[in-house]
Amino acid sequence: AVRPLLQRCELDEDESLQRTAWRAIDALRKLGPAAGDAFDPLLELLGASGVLFQEDYERLLSALRATAPSDAVLAGRLLPAMKTRSAVYVADLLADIGPAAKVAVPELLPLLAKRDIHAVGSAARALLCIAPEDADVNARVQAAFWQALPRVTTDDPFRPWGEYEFLATIVAKKPTLFEAEMLRRLKSPYMPLVPGASYRGLQDSLVNYLGNAAPRMLVCLHEEHAVA
């Protein structure tokens, strides 16, 4: 069944042919490991395809994962795609693979320096999922967050969703960074607290991210003093 399906996987500009191609790709995904012979042709299709919609990249990458010999093999074979326009979606798939995709870490790190917040967010999520205990990776992701945060916390309500996804990625890892940024935007001059008790970890973000200014910490001896 795989061979005739592959013959239909030509992403031509003709809409009817495209619909046929995607039906064939979805069928190969459902066949899973039994369609292992389709892995290499699908990988070639990823590299040869033009600009696709997000859902199309996700469907194609899902089919690749279903037909791959293993997640580790898939991660290694996807590395060339990290230098193409599909890099963001490949990074999302690597995040789902997790630690088995450790070979991709060197290719993901340069994405943290991209201007595109969506790319930075996808790379950050992938790195935190692949190497959650790696101190260097965590430090570089956090540095990328601090560098990018002024660009994503604006008053413009029509920011691309990718930028909010980036915020969510880092907030899930270190929520006090987001709390500190919100306090800055509220123009709070001071922040009374009992370090390590009232708001665990917040003092770290107030000092290392905001520089202990706007708001400046007021260290209290008791939570009731802070509330007062």
Side-chain angles (χ1 to χ4, degrees), residues 1-114 116 118-134 137 140-141 161-162 165-166 169:
V2 174
R3 203 168 291 112
L5 285 170
L6 282 173
Q7 292 171 355
R8 292 170 171 79
C9 291
E10 184 64 40
L11 295 178
D12 195 277
E13 291 184 2
D14 183 279
E15 288 189 14
S16 62
L17 291 176
Q18 277 202 13
R19 285 195 294 270
T20 301
W22 285 116
R23 281 198 294 270
I25 291 170
D26 289 339
L28 290 167
R29 175 183 56 80
K30 290 176 182 177
L31 284 171
D37 291 343
F39 178 70
D40 286 326
L42 288 172
L43 197 60
E44 292 175 12
L45 188 61
L46 177 67
S49 59
V51 180
L52 301 177
F53 291 111
Q54 177 177 346
E55 58 268 24
D56 293 337
Y57 279 118
E58 291 171 351
R59 289 167 75 181
L60 185 51
L61 288 167
S62 178
L64 274 167
R65 189 177 188 187
T67 57
S70 68
D71 280 345
V73 170
L74 174 59
R77 297 291 298 278
L78 283 175
L79 294 186
M82 295 299 296
K83 295 179 173 64
T84 69
R85 59 175 60 91
S86 62
V88 169
Y89 309 106
V90 172
D92 290 338
L93 177 61
L94 293 172
D96 292 337
I97 291 175
K102 197 166 186 179
V103 67
V105 169
E107 299 292 333
L108 288 164
L109 287 172
L111 289 181
L112 293 176
K114 291 282 188 181
D116 178 6
H118 194 183
V120 176
S122 293
R125 174 174 173 265
L127 287 165
L128 293 176
C129 290
I130 294 170
E133 305 302 326
D134 189 310
V137 166
R140 293 180 69 170
V141 168
W161 278 110
E165 290 170 3
F166 174 58
T169 297

Just so I know, are the side chains of Ile97 and Arg65 near enough to count as touching, which here means a heavy-atom distance under 4.5 Å? yes
To check you understand the geometry: which heavy-atom pair defines the closest contact between Val88 and Ala119, and what is its length? CG2-CA, 3.6 Å
For a quick test of reading the model, state the closest non-hydrogen atom pair linking Ala95 to Ala126 and the distance between them. CB-CA, 3.6 Å
Correct closest heavy-atom pair for Pro110 and Pro106 would be CD-O, 3.1 Å
Interatomic distance, CG@Asp71 vs CG@Leu93, rounded to 0.5 Å, equals 8.0 Å
Is there a side-chain contact between Ile130 and Leu108 in this structure, where contact means two heavy atoms from C-beta onward sitting under 4.5 Å apart? yes
In terms of heavy-atom contacts, Asp40 and Arg77 come closest through OD1-NH2, 2.8 Å
What is the distance from atom OG1 of Thr67 to atom CG of Asp37, rounded to the nearest 0.5 Å? 9.5 Å
CG of Leu111 to CE of Met82, rounded to nearest 0.5 Å, is 4.5 Å
What one should report as the nearest heavy-atom pair of Leu74 and Ala68 is CB-CB, 3.9 Å
Rounded to the nearest 0.5 Å, what separation is found between the CZ atom of Arg140 and the CG atom of Leu112? 7.0 Å
Taking salt bridge (charged side-chain N to carboxylate O under 4.0 Å, His left out) as the definition, give me every residue that meets it alongside Asp96, ordered by chain and number, with sequence neighbours left out. Arg125
Test of understanding: with side chain to side chain donor-acceptor pair (under 3.5 Å), list the residues that count as partners of Lys30, not counting sequence neighbours. none
Give me the atom names and distance for the closest heavy-atom approach of Ala91 to Ala123. CB-N, 4.3 Å
Are Leu127 and Leu94 close enough that some pair of their side-chain heavy atoms sits under 4.5 Å apart? no
